Structure formats: structure tokens, C-alpha cells
Protein chains: 2
Amino acid sequence: MRADARRNYDKILATARIVFAEKGTDGSLDEVAKRAGVGAGTLYRHFPTREALIDALMKDWADRVSADADAAIATDLPARALLLGWFGHFVEHITLHRGAASKICAAMDDPSSPMFRKCRVMGDANRRVVEHLGARGELRGDVDPANVMRLVSGVASVADMSPEGLDVRPMLEVVVDGIVRP
Amino acid sequence: MRADARRNYDKILATARIVFAEKGTDGSLDEVAKRAGVGAGTLYRHFPTREALIDALMKDWADRVSADADAAIATDLPARALLLGWFGHFVEHITLHRGAASKICAAMDDPSSPMFRKCRVMGDANRRVVEHLGARGELRGDVDPANVMRLVSGVASVADMSPEGLDVRPMLEVVVDGIVRP
DNA sequence: CCACAATACGGAGACACTCTCCGTTTTAGC
DNA sequence: GCTAAAACGGAGAGTGTCTCCGTATTGTGG
């Protein structure tokens with residue numbers, strides 16, 4: 001990668017972070033380009049779609065989620081507390097930028113999305129947690145990790161759409177209670 | 001209302017139903033106008049915002065949801081079956097048009113939305129069901145109807161975003177299990 | 001160190017969508 | 001029928017996405 005290309009790439013990413021924080025992930029890409037001091041062409045060459053840009057913004061996001069999952073497993077807490085912590089982190093991560101949660105939800109089932117791969121990493125992380133607890137016999141018999149992930153993503157989406165910081169904890173508690181063996 | 005106004009109003013609504021079914025609720029409003037054979041001005045005079053149009057499309061939606069709630073209560077089924085049925089209907093209703101679920105989620109907390117009033121009707125319907133079962137002592141002690149509605153709306157959003165007909169039943173089962181007394 | 005291919009830049013402009021404004025047409029009551 | 005009020009429609013301004021290609025920058029082999 002040429003020096004000027006790298007420079008612009010980084011500048012665009014940094015600016016996108018700011019603009020998306022201000023106006024959500026639907027903010028104008030032209031504005032990102034303008035504020036980054038590059039032409040629209042440059043932005044679109046580096047990031048052909050909005051999704052590609054969001055994906056780049058979340059470069060190590062999937063890895064952080066994955067690490068959180070392993071940390072949760074390592075705590076060896078009882079299922080309920082462990083899941084509450086894990087789901088809480090999960091929601092926090094995917095609602096980092098307003099509007100991101102629903103984009104992630106959509107990418108989960110869309111192999112053509114640049115985020116699809118990261119969603120798989122996230123899905124695997126969730127599966128590890130769920131199966132760990134399943135192996136310990138603390139969950140109901142018929143828990144499908146994929147559905148759990150969808151459900152928690154749904155909670156994240158709702159939280160993302162409600163005007164200000166909605167407390168997701170009570171919703172996560174319901175989900176957790178629906179999963180752990182009574 | 002003048003005859004020509006009424007005619008156009010109905011024509012726009014009918015066309016919107018078609019266009020939204022084809023392209024989701026984000027379809028072009030100009031296309032709706034064009035295909036309805038009216039000018040853009042006419043469309044925007046009748047429906048100042050996209051939300052107003054969607055809201056009009058769902059004219060008696062809130063009433064149907066409300067009726068479903070009362071029907072569910074009348075069945076006198078055990079809590080689990082009753083809630084599964086009610087939630088299922090609920091999700092079906094708000095995912096009638098692709099993209100509608102998330103608009104409804106957003107409207108739930110936005111008093112300035114034309115859909116806000118209908119969301120309240122829907123929220124009341126849900127509260128009736130939840131409190132009915134609560135009174136029968138079949139639910140956990142700390143169930144907040146508002147959060148239940150958010151949660152189920154989240155399920156609907158996720159279903160709406162996933163490419164094709166995702167089976168929401170397993171997710172609803174988790175929610176129900178998280179609500180009914182174990 | 002410099003020439004020159006390869007690479008990247010940038011912004012004008014085509015296209016799409018939203019929404020308004022106002023001259024023209026339609027309606028309904030008298 | 002006449003006329004005032006109501007409604008129409010589409011041109012056009014504003015905004016955003018995305019492409020194309022003439023111009024500028026880079027780094028490498030001589």
C-alpha cells in the first residue's frame with residue numbers, strides 16, 4: 001500500500017468514527033470525505049460500500065467480542081450471572097455506534113456482506129459460552145445458540161433504536177431466565 | 001373531504017401497499033406517486049412524511065392487535081400456550097410489511113411519530129395480557145409489560161431483517177420461558 | 001538522483017430521492 | 001352556470017450516492 005493511500009485510508013476511518021458518532025451510521029459519506037479532506041472518489045475506492053466502511057471501523061471488534069466470551073467462560077460463575085455479563089458486553093459492543101446493531105443483524109444472514117465473517121466469529125463466541133454452560137448442565141435442553149444470538153441482537157437493536165440509553169438489563173434477564181434450567 | 005382528494009388518497013394508499021410489498025417500506029415515494037398517477041405534491045400533501053403513510057397503511061392494525069389480545073385472554077389457556085399464541089400474532093402483525101417492524105420499534109419511544117398513538121394501543125393490549133396472567137399468578141414476580149413488548153418487538157425486528165421467513169417460534173419460546181413462573 | 005510506469009487522487013457530474021412552491025384545474029354550494 | 005375554496009401536479013432546489021477520467025504522487029530500476 002502506497003504511503004498516500006495509507007494516509008488517506010487512516011484519515012477516512014478516523015473521520016468516519018467522528019461523523020458516525022455524531023449522526024449515526026447513516027451519516028453522509030460525502031461529508032466524511034469532505035471532513036477527511038479527500039475526494040469522494042478516494043473514499044469510495046477504499047470503501048466501496050457503507051458496509052465496508054463500517055466493517056473497517058469495527059476492525060478488531062469481533063476479536064474483542066470473542067475475547068469477552070472466553071473471559072466469561074473462565075470466570076466460572078453460575079450460569080445466570082455469567083450469561084448476564086456476557087450478553088451485556090455483547091450488547092455494548094454491537095451498539096457502539098448508533099445504527100450499527102441493525103446493520104449487524106442484517107449482516108448475520110447475508111453472506112455477501114463484508115461483516116458476515118465477523119458475525120460468524122461472534123456467533124462462534126456465543127456458541128462457546130452457551131455450549132460451555134450446556135455441558136455443565138445448567139441450561140434447558142433445547143437451547144439453540146444461533147437463536148440466542150438473534151435474540152440478544154434483537155435486544156441490542158431495540159436499545160439502539162430507543163431515543164436515549166435504555167437499560168437493557170431487564171430484557172437480558174428475561175432472556176437468561178428463558179435459557180437457564182429453572 | 002373533496003371527491004378528488006378522497007380518490008387520490010385511496011389510490012396512493014393502494015399503490016403504496018404494492019410498492020412497499022415489492023421494495024419494503026424504504027421504497028421510493030416518488031415511485032408511489034408516479035404509479036398512483038398523481039404528482040409528488042399530492043402525495044406529500046396527504047402524507048407529509050413516510051411515517052404518516054405507513055401509519056395510514058396500518059389504519060386498523062392497532063385495533064386488530066388489540067382484539068387479538070382480548071381473544072388470547074378469553075381462551076383461558078395456560079400461560080405458556082397463551083403467550084406463545086399472543087406473541088406470535090403480535091410478531092405477524094408488525095412484520096406485515098418488510099421494514100415496518102423497526103419503524104414501529106422506533107416509534108414506540110417517539111411521541112412525535114404518527115405511529116406513537118397506535119404503539120400505545122398495542123402496549124396497552126400487551127399489558128392487559130401480561131397483567132391478566134400476572135393476576136392468575138402464572139408469571140414471575142418482576143415482569144414489566146413494557147419490557148416484554150420491547151423484547152417481542154426485537155424478535156420481530158430480527159425476523160424482519162433476516163433474508164427470508166425465519167421461524168420466530170423458538171425465540172418466542174425463550175422469551176415466554178423467561179416470563180412464566182418456572 | 002532522476003525518469004517513468006504504476007498507483008492513487010479529487011471533484012465534476014450523472015443519477016436518484018425528498019420535499020416545496022405556485023400557476024392551473026377541479027369541485028361543490030349557491 | 002358561477003365562483004371561491006380546495007386540490008392538483010410537476011418543475012426545481014436541496015441533498016446524497018457513486019463513477020469516471022484527467023491530473024498528481026510515489027517508489028523503483030538504471
Side-chain angles (χ1 to χ4, degrees), chain A residues 1-57 97-100 102-103 106-107 110 112-115, chain B residues 1-57 97-100 102-103 106-107 110 112-115:
Chain A
M1 201 171 191
R2 239 172 65 173
D4 52 350
R6 160 106 274 144
R7 211 164 38 232
N8 283 328
Y9 183 96
D10 292 340
K11 192 81 210 297
I12 290 168
L13 230 45
T15 310
R17 230 178 272 276
I18 296 170
V19 173
F20 284 178
E22 283 174 14
K23 328 212 165 180
T25 45
D26 286 330
S28 159
L29 295 186
D30 263 28
E31 185 182 342
V32 172
K34 193 150 289 179
R35 278 167 64 169
V38 305
T42 301
L43 187 151
Y44 284 99
R45 199 171 325 104
H46 284 303
F47 309 102
T49 65
R50 182 183 295 272
E51 288 230 308
L53 177 54
I54 296 173
D55 182 56
L57 269 185
H97 297 281
R98 173 140 300 202
S102 55
K103 295 219 161 53
D110 173 13
S112 76
S113 163
M115 281 187 256
Chain B
M1 200 172 191
R2 240 171 66 170
D4 52 350
R6 160 106 271 146
R7 215 168 29 237
N8 283 329
Y9 183 96
D10 292 341
K11 193 80 208 296
I12 289 168
L13 229 44
T15 310
R17 229 177 272 277
I18 296 170
V19 173
F20 284 178
E22 283 173 14
K23 327 211 163 179
T25 45
D26 286 329
S28 157
L29 296 187
D30 261 29
E31 187 183 341
V32 172
K34 192 151 291 179
R35 280 167 64 171
V38 304
T42 301
L43 188 151
Y44 284 99
R45 200 170 326 102
H46 284 302
F47 309 102
T49 65
R50 180 183 296 272
E51 288 230 308
L53 177 53
I54 296 173
D55 182 55
L57 270 184
H97 297 281
R98 174 140 301 202
S102 52
K103 295 221 161 53
D110 173 14
S112 75
S113 164
M115 280 188 258

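Keep in mind that the numbers below use all heavy atoms, side chains included, and drop hydrogens, waters and symmetry copies. Proteins get letters first, then strands, A, B, ... in listed order; numbering begins at 1 in each. Everything numeric here is computed off the predicted structure, so don't read it as measured data.
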Any base atoms under 4.0 Å from A/Asp30, or only sugar-phosphate, or nothing? Heavy atoms, all strands. base
With respect to the phosphate group of D/dT26, does any side-chain polar atom (N or O) of A/Arg7 fall under 4.0 Å of OP1 or OP2? yes
Can you tell whether the side chains of A/Lys34 and A/Asp30 come within less than 4.0 Å, N to carboxylate O? no
Should the pair A/Phe47 and A/Tyr9 be assigned to parallel (<30°), tilted (30 to 60°) or perpendicular (>60°) ring geometry? tilted
Using only heavy-atom distances, decide whether a donor-acceptor pair under 3.5 angstrom links the side-chain of A/Arg2 to the base of D/dT25. yes
Using heavy atoms to find the nearest nucleotide of DNA chain D for A/Thr42 and B/Gly37 separately, return the residue whose nucleotide is more 5′. B/Gly37
Within this structure, what is the OH-to-P distance between A/Tyr9 and C/dC9, rounded to whole angstrom? 12 Å
Within the structure shown, what part of the strands sits under 4.0 Å from B/Arg50 by heavy-atom distance: base, sugar-phosphate, or nothing? sugar-phosphate
Contact class for B/Ala40 vs. all strands (heavy atom < 4.0 Å): base, sugar-phosphate, or nothing? base
Spacing of B/Leu43 atom CG relative to D/dA11 atom C1', expressed in whole Å: 17 Å
Distance in angstrom units between A/Arg45 CZ and D/dT17 P, rounded: 17 Å
Please assess B/His97 against B/Ile54 for the test side-chain contact (heavy atoms from CB on, under 4.5 Å), listing each intermediate value before the final yes or no. CA-CA 9 Å; B/His97 297 281; B/Ile54 296 173; over 6 Å; no
B/Asp26 and B/Lys103: CA distance, side-chain angles, deciding distance, salt bridge (charged side-chain N to carboxylate O under 4.0 Å, His left out) verdict: CA-CA 10 Å; B/Asp26 286 329; B/Lys103 295 221 161 53; 3.1 Å; yes
Between P on D/dT17 and NZ on A/Lys34, what's the gap in Å once rounded to a whole number? 12 Å
Using heavy atoms to find the nearest nucleotide of DNA chain C for B/Asp26 and B/Met1 separately, return the residue whose nucleotide is more 5′. B/Asp26
With a 4.0 Å limit, can you tell me whether B/His46 has a side-chain N or O closer than that to the phosphate oxygens OP1/OP2 of D/dA7? no
Counting side-chain heavy atoms from C-beta on, which of C/dA28, C/dA8, D/dC8 comes nearest to B/Ala3? C/dA28
Would you say D/dT17 has OP1 or OP2 under 4.0 Å from some side-chain N or O of A/Ser28? yes
Phosphate contact (C/dA8 OP1 or OP2) by A/Asn8 side-chain N/O below 4.0 Å: no
